[in-house]
Amino acid sequence: MNAEPQQPESTNTNKEEADRAHCDWNFRLATVVSPPASRPEASDAIGAIELDPSDRLLATAGIARKIRFYTLATLLPHNPPAFLSHSSACDFYLCTPAKLSSLRFRPATGSRLIAAADYDGVVTEYDLENRESVFERHDHNGRRVWSVDFSAAGDLGASGSDDGVAKVWDPRSSAAGTAVHAGTGSVCCVEFDRVDNGPYLALGCADRRAYVYDLRAAGAGPVAVFGGHKRTVTYVRFMGGVRMLSSGTDGSHRLWEAGGRELRAYRGHRNGRSFVGMAVWREGGLIGCGSETNEVFVYDLRWGEPIWVRGFGPAESSFTSAVNWRGAGAGGTDDCTLIAGGSDGVLQFFSCRRNQPAD
């Protein structure tokens with residue numbers, strides 16, 4: 001009897017390997033910027049990393065009561081890595097009256113205006129040309145403002161606070177903002193849909209849920225609610241199309257369809273209490289985040305396990321507290337920069353290049 005042809009074993013093996021999480025990227029440390037060794041570590045903790053729309057400036061803020069500004073061209077690229085101090089690398093800084101939790105450049109202002117949300121419940125706009133504050137917004141009754149954002153056109157602003165309220169306001173007006181959400185827990189993150197430029201605002205809240213509101217009919221309630229996290233939702237990101245990404249202090253990121261169905265959970269980093277940062281490079285399909293183990297993690301959207309992990313230093317006294325991505329520009333998908341900051345004030349830059357297939 002003739003045996004029936006059998007499928008080569010290598011076919012199934014190759015499929016299994018393709019479905020397994022693997023890193024298609026080469027990550028290389030490019031620059032480290034550190035605070036003076038004589039300063040107490042806690043005084044320089046970084047809570048926000050923001051890039052200006054012109055891709056010229058980098059801004060950082062945290063509990064040091066100042067916003068530092070750096071020229072990106074002086075920080076990247078470096079091979080071998082450059083080790084700098086904040087005092088030598090920083091172009092200038094603005095002192096603030098309170099500790100800061102969030103930064104956002106206001107679009108359509110030529111990178112001249114930046115908003116900062118602080119622990120005293122104030123959102124302040126600063127003019128970088130004159131290096132002074134130009135407007136203060138007191139919409140949250142003195143309760144800590146966790147997050148601030150602007151719409152793609154810069155004609156709307158939003159803030160979320162410990163008062164459980166998310167407000168939307170006209171940054172060109174001094175009128176008080178309009179509440180679009182009032183819940184029982186803090187609003188930890190607000191984000192406009194700047195991917196598809198839709199009329200939507202997403203919120204991450206301490207009630208373990210993420211919400212999406214249609215600002216054309218915000219009074220009708222949320223158009224989507226994502227309820228899979230076990231603890232506070234700290235970050236939300238629009239992913240384009242009908243997908244959302246959220247992050248929580250249950251140690252997970254979660255990818256959702258707009259209808260509320262969870263598509264994938266990403267686990268590996270440790271996050272049980274602190275804000276550890278979460279950012280998405282959509283063109284490359286990568287998620288970056290910090291960890292209470294004082295490491296930076298990268299996930300590929302295709303898999304739930306991390307594809308790259310890098311330690312920042314001893315985890316006993318510090319953790320990675322903020323991250324952001326800088327794309328290659330012009331829609332490039334093969335090069336990027338991962339920027340991460342720590343609770344010890346250290347800022348690290350990693351150059352990332354996609355591995356090219358062998359000929």
Side-chain angles (χ1 to χ4, degrees), residues 16-29 45-47 49 188-189 191 204 206 208-210 226-239 243-257 261-326 336-344 346-355:
E16 291 175 0
E17 290 180 353
D19 292 340
R20 188 181 304 139
H22 60 274
C23 187
D24 295 327
W25 302 84
N26 178 35
F27 290 85
R28 178 181 60 80
L29 180 65
I46 297 171
I49 300 171
C188 300
C189 181
E191 175 155 306
R208 307 179 182 182
R209 294 179 176 88
F226 309 104
H229 284 283
K230 306 303 182 185
R231 301 186 68 179
T232 296
V233 178
T234 47
Y235 305 98
V236 286
R237 301 288 182 258
F238 285 95
M239 299 301 294
R243 297 190 305 168
M244 293 287 303
L245 186 72
S246 61
S247 182
T249 54
D250 57 359
S252 73
H253 313 304
R254 296 171 188 259
L255 183 66
W256 310 87
E257 284 184 336
R261 184 171 73 93
E262 182 178 315
L263 301 176
R264 184 170 289 111
Y266 304 89
R267 296 184 178 92
H269 62 289
R270 184 185 301 171
N271 185 199
R273 181 180 62 181
S274 305
F275 283 69
V276 297
M278 187 270 277
V280 179
W281 183 39
R282 297 174 184 86
E283 292 82 358
L286 299 179
I287 306 167
C289 71
S291 174
E292 288 165 359
T293 57
N294 206 20
E295 297 170 302
V296 58
F297 282 69
V298 174
Y299 296 85
D300 188 304
L301 285 169
R302 297 172 293 179
W303 303 296
E305 302 82 28
I307 62 167
W308 184 79
V309 181
R310 167 78 180 221
F312 257 47
E316 291 77 14
S317 59
S318 303
F319 62 94
T320 311
S321 51
V323 296
N324 209 335
W325 293 95
R326 176 187 182 235
C336 63
T337 302
L338 176 62
I339 309 165
S343 63
D344 56 1
V346 176
L347 192 62
Q348 297 195 30
F349 298 76
F350 300 92
S351 294
C352 317
R353 180 179 291 272
R354 190 189 299 272
N355 296 326

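In this chain, numbering begins with 1 at the start of the sequence shown.
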Enquirer: Considering residues at least two apart in sequence or located in another chain, which fulfil the salt bridge (charged side-chain N to carboxylate O under 4.0 Å, His left out) criterion with R354?
Expert: D334
Enquirer: Using salt bridge (charged side-chain N to carboxylate O under 4.0 Å, His left out) as the criterion, list what pairs up with R208, not counting sequence neighbours.
Expert: none
Enquirer: Partners of W325 by side chain to side chain donor-acceptor pair (under 3.5 Å), sequence neighbours excluded?
Expert: none
Enquirer: List for me each residue that meets side chain to side chain donor-acceptor pair (under 3.5 Å) alongside T293, sequence neighbours excluded, and say none if there are none.
Expert: S291, E295
Enquirer: List the residues meeting side chain to side chain contact (heavy atoms under 4.5 Å, CB included) with V323, not counting sequence neighbours, and say none if there are none.
Expert: A279, V296, A340
Enquirer: Can you list everything that forms a side chain to side chain contact (heavy atoms under 4.5 Å, CB included) with R353? Sequence neighbours excluded, please.
Expert: D335
Enquirer: Just jot down the side chain to side chain donor-acceptor pair (under 3.5 Å) partners of R267, sequence neighbours excluded, or say none.
Expert: none
Enquirer: Mind checking what makes side chain to side chain contact (heavy atoms under 4.5 Å, CB included) contact with R209, not counting sequence neighbours?
Expert: D207, Y211, V225
Enquirer: Can you tell me if Y235 uses its side chain to pair, donor with acceptor, with the backbone of G277 under 3.5 Å?
Expert: yes
Enquirer: Out of the candidates T249, N271, T234, N294, only one should pair with V276 under the side-chain contact (heavy atoms from CB on, under 4.5 Å) rule; please name it.
Expert: N271
Enquirer: Please list, chain by chain and in numerical order, all residues satisfying salt bridge (charged side-chain N to carboxylate O under 4.0 Å, His left out) with R326, sequence neighbours excluded.
Expert: D55
Enquirer: F238: what forms a ring pair (Phe, Tyr, Trp, His ring centres under 6.0 Å) with it, not counting sequence neighbours?
Expert: none
Enquirer: Using side chain to side chain donor-acceptor pair (under 3.5 Å) as the criterion, list what pairs up with E305, not counting sequence neighbours.
Expert: none
Enquirer: Please list, chain by chain and in numerical order, all residues satisfying salt bridge (charged side-chain N to carboxylate O under 4.0 Å, His left out) with R302, sequence neighbours excluded.
Expert: D24, D300
